[in-house]
Amino acid sequence: MNQNRLFRLTRIRLALYYAVVMGLILSLCAFGFYSSVFHAHVVALDNEIESIAGTIHDTIEPKLPTPGRLEPVVQQLFPNFSMCVGANCIQQQPHTQRHVVGAFDKSNYYIRFFDISGRLIATAGNYPELISTNFNKKTWQFVKDRQGNEFHQLTMHLHTRYNGDWGYLQIGRSLEEFNHYLDSVKLVLVLGLPIAIGIITAASWWLSGLAMQPIYQSYRQIQQFTADAAHELRTPLAATGATVESALLSPQLNEEETRDILQTIHRQNQRLTTLVVDLLMLARLDRQSQIPKSQTGQKELCCLNDIVSDLVEEFEAMALTAEVKLTSVIKVNESVNIVGNSDQIYRLVSNLIINAINYTRLGGKVTVFLERNDCYAVITVQDTGIGIPKNEITRIFNRFYRVNTDRSRATGGSGLGLAIATAIVEAHQGKLFVQSELGSGSTFTVQLPLNTILH
């Protein structure tokens, strides 16, 4: 297939389209995954900060009697507590009392207190000195210090013990660990996505090859069929042309010569007609997806007993001429009926009988059996002919294929008989099997379903 430029380019396109589409889908999935991870961690951070801020808020509000002033008892609740005057913050002496929130013993939280006018009063925890002291009363914020370090911050309104406005509490958390985690996720996605796309590209190349294999086989069969059909048509046309040309070159033809020329042309015309009829029949059968109808446009019941008996009687003279004994063995007492096209069933069985007679030696025997089982009517054509080589059994149903070319041409065969038989069996939803041994004969078995509903 790779040697054919059309199929090679088509395969490349299919693989490329598949890889691009899958790459876009994976990219969207990666973006969605990253967004989900980011959102989940932000929600977790919000819950954590909100929980700590709520604890601090509920703890210190009863200890705030005066707006904008932190009592010493409040200052003792926080680690690294610093009072701010203007732009300077002075750290208070550490106290041995247990802090209200154990999280502040870690290095990723800070607290700021602002009065009602937005002036910074005090800080606690691991307060980043390079962060802006400008007050923003927005509840949730992502802020940065002057070195670019990021923090997630919550602002809450504080009241005095008498329900007056005291000021604001801000609690923030460093996002350093969070950003490190997101950077790891990004790294995995950035490295994993190209690797995944590479694997997908290789897989798409392989899958496109598998998908195109039946198409390529059909294309090769069409090419072979076209070449064989042209060859089969050329032979009688060349013979007819040569006959006519020789007649034209003769100065004078007597009645006997004229008759011989006309008979030759008639034979070649018959051969061409048979070939064209077979090709048209194959084309019609290829288009059928259900059981074919008769010439009246209706499906009918076909009595296989009558068809087998009529064909054996019809080809008895041909068998006698070939010095072959033709018999039938009907193993059922009642009529075996199937739904289908009687003309096609007739053609199916006749093709098998003709093949059996043509490939059976002088004094040989051809037997046609008819039987049935629970699901199928079974027609078997058995001969004692030349047989079929094992390496050719799978090829005998190909169009224009002959096991013995010289013998087939001598009997007028075109190599379409078994192809037509296969197409008819498939159109009737049946099965066709062959068993053969070289030099001992062949057995063709047709199974046609009995349980097809007649419409």
Side-chain angles (χ1 to χ4, degrees), residues 278 281-282 284-285 288 290-294 299-319 322 324-360 364-388 393-394 396-398 403 413 415-437 440-454:
D278 288 347
M281 185 174 188
L282 279 172
R284 285 196 299 269
L285 290 170
Q288 288 176 352
Q290 57 182 357
I291 296 177
K293 298 178 181 179
S294 63
K299 295 176 184 177
E300 57 182 341
L301 281 176
C302 306
C303 180
L304 297 183
N305 307 60
D306 295 340
I307 292 176
V308 170
S309 300
D310 292 346
L311 284 171
V312 170
E313 182 179 349
E314 179 180 339
F315 289 110
E316 188 174 359
M318 177 182 177
V324 173
K325 183 179 180 181
L326 176 62
T327 58
S328 64
V329 177
I330 298 179
K331 298 182 178 181
V332 289
N333 298 324
E334 70 279 0
S335 296
V336 180
N337 298 315
I338 67 164
V339 177
N341 184 301
S342 58
D343 293 335
Q344 291 186 8
I345 299 297
Y346 193 91
R347 179 67 184 275
L348 161 66
V349 181
S350 66
N351 282 0
L352 296 178
I353 294 175
I354 291 172
N355 265 6
I357 294 174
N358 288 339
Y359 286 96
T360 299
K365 183 178 180 181
V366 175
T367 307
V368 183
F369 298 90
L370 174 63
E371 54 189 320
R372 61 170 296 170
N373 54 36
D374 293 338
C375 300
Y376 294 98
V378 182
I379 301 173
T380 304
V381 179
Q382 187 179 66
D383 65 65
T384 58
I386 61 175
I388 306 169
I393 287 180
T394 58
I396 60 174
F397 298 104
N398 295 342
V403 175
L416 293 175
L418 289 179
I420 291 174
T422 302
I424 293 173
V425 170
E426 290 177 351
H428 285 77
Q429 303 173 13
K431 300 176 183 178
L432 176 59
F433 306 97
V434 59
Q435 292 179 330
S436 184
E437 185 176 344
S440 300
S442 304
T443 300
F444 287 84
T445 303
V446 177
Q447 292 183 348
L448 299 173
L450 294 169
N451 56 353
T452 305
I453 299 175
L454 182 63

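When a residue number appears, it is its place in the shown sequence, counting from 1.
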Rounded at 0.5 Å granularity, tell me how far OG1 in T327 sits from NZ in K325. 6.0 Å
Could you check whether any side-chain heavy atom of T360 comes within less than 4.5 Å of a side-chain heavy atom of K365, counting everything from C-beta outward? no
Taken to the nearest 0.5 Å, the spacing of E426 CD from I424 CD1 works out to 11.0 Å
Heavy atoms only: give me the nearest A322-I357 pair and the separation to one decimal. CB-CG2, 4.0 Å
Within the distance-only criterion (no hydrogens, no angle test), does the side chain of T443 pair as donor or acceptor with the backbone N or O of S436 below 3.5 angstrom? no
Could you tell me the separation between the CG atom of D306 and the OG atom of S335, rounded to the nearest 0.5 Å? 6.5 Å
Mind checking whether L432 and Q447 have side chains closer than 4.5 Å, heavy atoms only? no
The criterion is side-chain contact (heavy atoms from CB on, under 4.5 Å); which residues satisfy it with L311, sequence neighbours excluded? I307, E314, F315, Y346, V349, S350, I353
Can you tell me if S328 uses its side chain to pair, donor with acceptor, with the backbone of S309 under 3.5 Å? no
Result for side chain to side chain contact (heavy atoms under 4.5 Å, CB included) between F444 and one of L418, N355, N351 points to L418
Give the table of side-chain donor-acceptor pairs shorter than 3.5 Å for residues 370-383, with sequence neighbours excluded, one pair per line with atom names and distance.
unit_1 : atom_1 : unit_2 : atom_2 : d
N373   : OD1    : C375   : N      : 3.0
N373   : OD1    : Y376   : N      : 2.6
D383   : OD1    : G385   : N      : 2.8
D383   : OD1    : S442   : N      : 3.1

Are the side chain of H428 and the backbone N or O of Q344 linked by a donor-acceptor pair below 3.5 Å? no
Which value, rounded to the nearest 0.5 Å, describes the distance between L448 atom CG and L348 atom CG? 6.5 Å
Would a 4.5 Å heavy-atom cut-off, applied to side chains only, mark I330 and V332 as touching? yes
Counterpart residues, side-chain contact (heavy atoms from CB on, under 4.5 Å), relative to S440 (two or more places apart): E437
Testing N337, V336, D310, N333 one by one against N305 for a side chain to side chain contact (heavy atoms under 4.5 Å, CB included), which residue passes? V336
